[in-house]
Every structure is written in C-alpha cells, then in structure tokens.
Amino acid sequence: MSNHIEGSLDGSGLKIGIVAAKFNEFITTKLVEGAEEGLSENGVDGTDVTIAYVPGSFEIPVVASKMAHSGNYDAVICLGAVIKGDTDHYEFVAGEATRGIAEASISSGIPVIFGVLTTHNMQHALERSGGRKGNAGHSCALTAIETVNVLRTV
C-alpha cells in the first residue's frame, strides 16, 4: 500500500509574491486579477500578497528569484504574456523566462509558479486570461497554495 500526499487549498496565513510583466499589460492585468481572486477565494489575505511589476517576461526570473530567496514568501507566482510575432524573439524570451523561473524554484526550494502565457496570437492569450479557456492567473494561485501545502506535508 502506498502513501499519497496531496496539498489542500487552504491558503490561510500564506504569504505570496507575484511577479507580473507590464509588457502586454492588457493580458497581464487580467492574469493578476485572476491570481488575486484565486488566492482570496482560498483564504489568502490580500495584505499577505505582494505584487512586483517588471518591464517584460524576460525580467521575471531575476525578481522571482530574489523574492523566493528572501524568506518572506511561501510561494511566488510569475505572470506574463509572450505572444509569437514574425521574429525569433518569442522563442528566446519564452525559453529564458521558463528556464529562469524553474531555476528560481529549484534553487530556493519554494514554489515559483510558471504563469507566463506563450501563445501564437493575441486571441489565444485573451482566451487564457479570463476568456473561454479560463484564467491562467487563477489556476496559478491554486497551484501555488496546493504546492506549498504539499511541501509542508512531505
């Protein structure tokens, strides 16, 4: 018989950092709103949420890493939107944001949640930031809470 560990969605007392890109602000604002809603719905007090805004998704990892290593947060949620254009810029920004966010989580030992939309067009980003496919920011909030609680149980 194996043991199963699952984290609850009780966010009471958790301190959460959010790093949000200002680039594609029309999308990222919706992601932040979704994250705040998800945290609030699950017991995280608004005064325990700190939001840091950075110019773009490429800058998210350095601030996320600083927050994660500070000891002031139980989890950090990273929110941005990288939308494919006609150049290779998309691949570089998306790839480095992904790598940096993963590194921040692994090196700090706290959940650093990847909520950077990487879409082919604006319509896909809109669908994932409160449209017909939900709000990725809200999903990231639930992921942060649940992962913190798994880590507390392990």
Side-chain angles (χ1 to χ4, degrees), residues 6-9 11 14-46 48-70 73-151:
E6 289 186 41
S8 76
L9 286 174
L14 295 185
K15 300 209 180 299
I16 305 293
I18 297 175
V19 183
K22 292 189 288 185
F23 194 79
N24 289 318
E25 189 171 29
F26 181 71
I27 301 297
T28 60
T29 297
K30 293 174 186 277
L31 295 173
V32 170
E33 289 169 358
E36 289 180 303
E37 182 179 301
L39 293 170
S40 176
E41 289 172 354
N42 290 284
V44 178
D45 190 301
D48 289 330
V49 178
T50 301
I51 305 170
Y53 291 95
V54 296
S57 292
F58 191 82
E59 292 75 33
I60 289 173
V62 68
V63 176
S65 180
K66 180 84 171 185
M67 289 177 109
H69 284 91
S70 72
Y73 305 97
D74 297 298
V76 177
I77 300 169
C78 301
L79 302 172
V82 183
I83 300 169
K84 189 169 176 69
D86 295 329
T87 69
D88 291 338
H89 185 73
Y90 165 89
E91 281 83 10
F92 294 116
V93 172
E96 288 305 305
T98 302
R99 184 196 60 75
I101 291 167
E103 174 57 33
S105 189
I106 292 165
S107 67
S108 68
I110 73 161
V112 180
I113 308 304
F114 184 84
V116 178
L117 300 180
T118 55
T119 64
H120 288 282
N121 56 53
M122 181 63 78
Q123 183 60 38
H124 291 162
L126 289 167
E127 290 173 356
R128 290 163 177 76
S129 61
R132 67 181 181 89
K133 296 211 174 184
N135 187 310
H138 189 278
S139 298
C140 288
L142 303 185
T143 298
I145 294 167
E146 188 173 352
T147 305
V148 167
N149 289 325
V150 166
L151 285 171

- Are the side chains of Leu151 and Pro111 in touch, meaning some heavy atoms are under 4.5 Å apart? yes
- Partner residues of Ala104 under the side-chain contact (heavy atoms from CB on, under 4.5 Å) criterion, sequence neighbours left out: Ser65, Val112
- Check Leu31 against Gly80 and note the closest heavy-atom contact, atom names and distance. CD1-O, 3.6 Å
- Query: Between CZ of Phe26 and CG of Leu126, what distance do you get to the nearest 0.5 Å?
  - Reply: 5.5 Å
- Message: Ignoring hydrogens, what is the shortest heavy-atom contact between Val19 and Met67? Give both atom names and the distance.
- Response: CG2-SD, 3.5 Å
- With Glu41 via salt bridge (charged side-chain N to carboxylate O under 4.0 Å, His left out) - residues at least two apart: none
- Leu117: which of Val82, Ile27, Leu79 passes side chain to side chain contact (heavy atoms under 4.5 Å, CB included): Ile27
- Item | Gap separating the CZ atom of Phe58 from the CZ atom of Phe23, nearest 0.5 angstrom | 14.0 Å
- Query: At what distance, to the nearest 0.5 angstrom, does CD1 of Ile101 lie from CD1 of Ile77?
  - Reply: 11.5 Å
- Check whether any side-chain N or O of Thr28 sits under 3.5 Å from a backbone N or O of Ala21 as a donor-acceptor pair, and report yes or no. yes
- Contact check, side chains of His69 and Ser107, non-hydrogen atoms, under 4.5 Å: yes
- Note on the structure: Cys140 and Phe114 have their tightest heavy-atom pair at SG-O, 3.7 Å
- Nearest 0.5 Å please: distance from the OG1 atom of Thr118 over to the CZ atom of Arg128. 8.5 Å
- Task: Might you point out which heavy atoms bring Lys15 and Asp48 nearest each other, and give the distance in Å?
- Result: NZ-OD1, 2.8 Å
- Note on the structure: Distance col, row Ser129:OG vs Asn135:CG, nearest 0.5 angstrom, shows 6.5 Å
- Message: For a side chain to side chain contact (heavy atoms under 4.5 Å, CB included) check, start with the C-alpha distance between Ile18 and Thr50, then their side-chain angles and the critical distance, and finish with the verdict.
- Response: CA-CA 6 Å; Ile18 297 175; Thr50 301; over 6 Å; no
- Item | Derivation and outcome, side chain to side chain contact (heavy atoms under 4.5 Å, CB included), residues Lys84 and Thr119 | CA-CA 6 Å; Lys84 189 169 176 69; Thr119 64; over 6 Å; no
- Item | Pair Lys30 + Glu33: basic N to acidic O under 4.0 Å | no
- Task: Just jot down the side-chain contact (heavy atoms from CB on, under 4.5 Å) partners of Leu14, sequence neighbours excluded, or say none.
- Result: Ile16, Val44, Asp74, Ile145, Val148, Arg152
- Query: Going by distance alone, is a donor N or O of one side chain under 3.5 Å from an acceptor N or O of the other, for Asn149 and Ser8?
  - Reply: yes
- So, the side chain of Glu96 versus the backbone of Val93: is there a donor-acceptor pair under 3.5 Å, distance only? no
- Item | Flag, side chain of Asn24 to backbone of Ala81, donor-acceptor distance under 3.5 Å | yes
- Worked check of side chain to side chain contact (heavy atoms under 4.5 Å, CB included) between Val116 and Thr98: CA-CA 8 Å; Val116 178; Thr98 302; over 6 Å; no
- Task: Might you point out which heavy atoms bring Gly38 and Leu142 nearest each other, and give the distance in Å?
- Result: O-CD2, 4.1 Å
- Task: Output the distance between atom OH (Tyr53) and atom NZ (Lys22), rounded to the nearest 0.5 Å.
- Result: 10.0 Å
- Message: So which atom in Gly7 and which in Val150 form the shortest heavy-atom distance, rounded to 0.1 Å?
- Response: N-CG2, 3.1 Å
